[in-house]
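To find a chain, count down the sequence lines: A is the first, B the second, and so on, and within it residues start at 1.
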Protein chains: 2
Amino acid sequence: MRSPQPLHNGVADNNRSPSAPRFHSTVAEHKLRRFNSLILVFRLTSFSFSLASSIFMLATSRTGDSPRWYHFDTFRFVVASNAIVATYSLFEMSASVWEISRGATLFPEVLQVWFDFGHDQIFAYLLLSASAAGTSMARTLKDMDTCTVSNSFCVQTDIAIALGYASFLFLGFTSLLSGFRLVCFILNGSRFHL
Amino acid sequence: MRSPQPLHNGVADNNRSPSAPRFHSTVAEHKLRRFNSLILVFRLTSFSFSLASSIFMLATSRTGDSPRWYHFDTFRFVVASNAIVATYSLFEMSASVWEISRGATLFPEVLQVWFDFGHDQIFAYLLLSASAAGTSMARTLKDMDTCTVSNSFCVQTDIAIALGYASFLFLGFTSLLSGFRLVCFILNGSRFHL
């Protein structure tokens with residue numbers, strides 16, 4: 001395994017090797033740009049779903065004696081996880097736009113690829129566990145009287161949880177792509193995979 | 001990106017390129033063997049934890065009017081997920097032992113690396129969602145009267161769920177390693193990462 005040679009902020013250094021042709025810096029950069037655009041689209045989708053999920057849960061009906069989301073630990077966990085993922089996705093989207101527009105990563109390249117993959121993995125697992133716990137709680141509420149008394153609350157929590165699953169799906173895809181980029185970096189010392 | 005060149009059952013083909021020295025086939029094979037041994041250890045740990053988790057849940061106390069695990073959908077999901085992961089880990093351990101002893105993968109190499117990574121990912125997510133749902137259910141039971149009536153049932157389910165989390169942890173590590181092997185294969189056409 002060759003040891004990684006981190007480039008400052010991941011800018012391609014054309015003077016590094018005289019044998020590296022200009023071909024590399026155009027074709028590889030073009031491919032990397034398309035790859036990053038795909039990641040950006042996935043992050044945008046994940047952001048939208050998790051934001052929508054938080055809002056849906058926060059906006060559960062306030063009528064009469066209907067229960068609220070903060071009465072249940074599990075639903076608090078769902079709201080928190082979706083809010084964290086939405087915030088993280090927003091930050092990563094800015095980093096992605098920065099990288100696509102300037103051709104350089106926001107942090108030094110070695111930090112950026114590990115940061116992206118590590119956080120994608122952790123937040124994907126976080127969001128999945130929140131959604132799974134939420135599903136279990138929603139099923140329990142259906143078996144009790146809560147859903148007959150206040151049906152709209154149950155419908156809204158179901159929708160919020162489903163949106164959380166959708167967000168997890170796209171975050172999972174993103175984590176696969178950032179994992180690919182990380183292994184490229186470990187093997188070749190560069191996130192360019194050509 | 002170079003296109004993968006699948007080798008039949010992943011046996012190193014020394015005649016493929018006259019420029020590839022014998023050095024490759026000894027050092028790389030030695031490294032790969034250590035890498036596969038690490039995967040085998042992780043799989044064994046994951047297998048032990050998930051088997052223990054299933055057994056703990058199945059053996060919850062049968063005294064008097066104590067509830068049983070099959071009275072709750074969520075706990076059935078926990079048992080099923082852990083049993084599936086234990087079976088899968090057992091199969092993968094045999095495949096791993098086969099690969100270490102014979103130097104060739106059980107299935108053709110391209111199939112093996114995708115099979116391993118795909119299943120590791122899916123089963124890691126499955127096990128995490130089962131454990132998270134189980135945790136939510138266990139917390140709900142504590143809030144109700146179930147745990148005061150039959151405390152040993154609650155303690156046993158807690159232990160079973162904790163063992164499920166431990167199994168997930170090692171399956172997650174395995175999935176990172178098999179992901180690394182997959183990207184090596186995609187980039188270099190071989191699971192050898194030298």
Participant: Among side-chain atoms of B:S167 and B:S46, is any donor-acceptor pair under 3.5 angstrom?
Facilitator: yes
Participant: Between B:Q112 and B:F107 (side chain of the first, backbone of the second, donor and acceptor by atom type, cut-off under 3.5 Å), is there such a pair?
Facilitator: yes
Participant: Can you tell me how far the CE atom of B:M93 sits from the CD1 atom of B:I39, to the nearest 0.5 Å?
Facilitator: 13.5 Å
Participant: Which bit of B:L176 comes within less than 4.5 Å of chain A, counting heavy atoms only: side chain, backbone, both or neither?
Facilitator: side chain
Participant: Under a 3.5 Å distance rule, please check whether A:R33 uses its side chain to pair with a backbone N or O of A:I100 as donor and acceptor.
Facilitator: yes
Participant: Any salt bridge linking B:R43 with B:E99? Criterion: basic side-chain nitrogen under 4.0 Å from a carboxylate oxygen.
Facilitator: no
Participant: With distance as the sole test, does A:S53 use its side chain to make a donor-acceptor pair with the main-chain N or O of A:N82 at under 3.5 Å?
Facilitator: no
Participant: Mind checking which of residues 116-130 of chain A sit less than 4.5 Å from chain B, heavy atom to heavy atom?
Facilitator: A:F117, A:Q121, A:A124, A:Y125, A:L128, A:S129
Participant: Distance check, rounded to the nearest 0.5 Å: B:E92 atom CD versus B:L90 atom CG?
Facilitator: 10.5 Å
Participant: What parts of residues 71-81 of chain B touch chain A if we use heavy atoms and a cut-off under 4.5 Å?
Facilitator: B:D73, B:T74
Participant: Can you say whether B:T135 sits under 4.5 Å from chain A via the side chain, the backbone, both, or neither, judging by heavy atoms?
Facilitator: neither
Participant: Could you tell me whether B:K142 and B:D158 have a side-chain N and a carboxylate O separated by less than 4.0 Å?
Facilitator: yes
Participant: Quick one: sort the B:F180 and B:F35 rings into parallel, tilted or perpendicular, breaks at 30° and 60°.
Facilitator: tilted
Participant: Got a second to check how far B:F49's CZ is from B:L171's CG, nearest 0.5 Å?
Facilitator: 13.0 Å
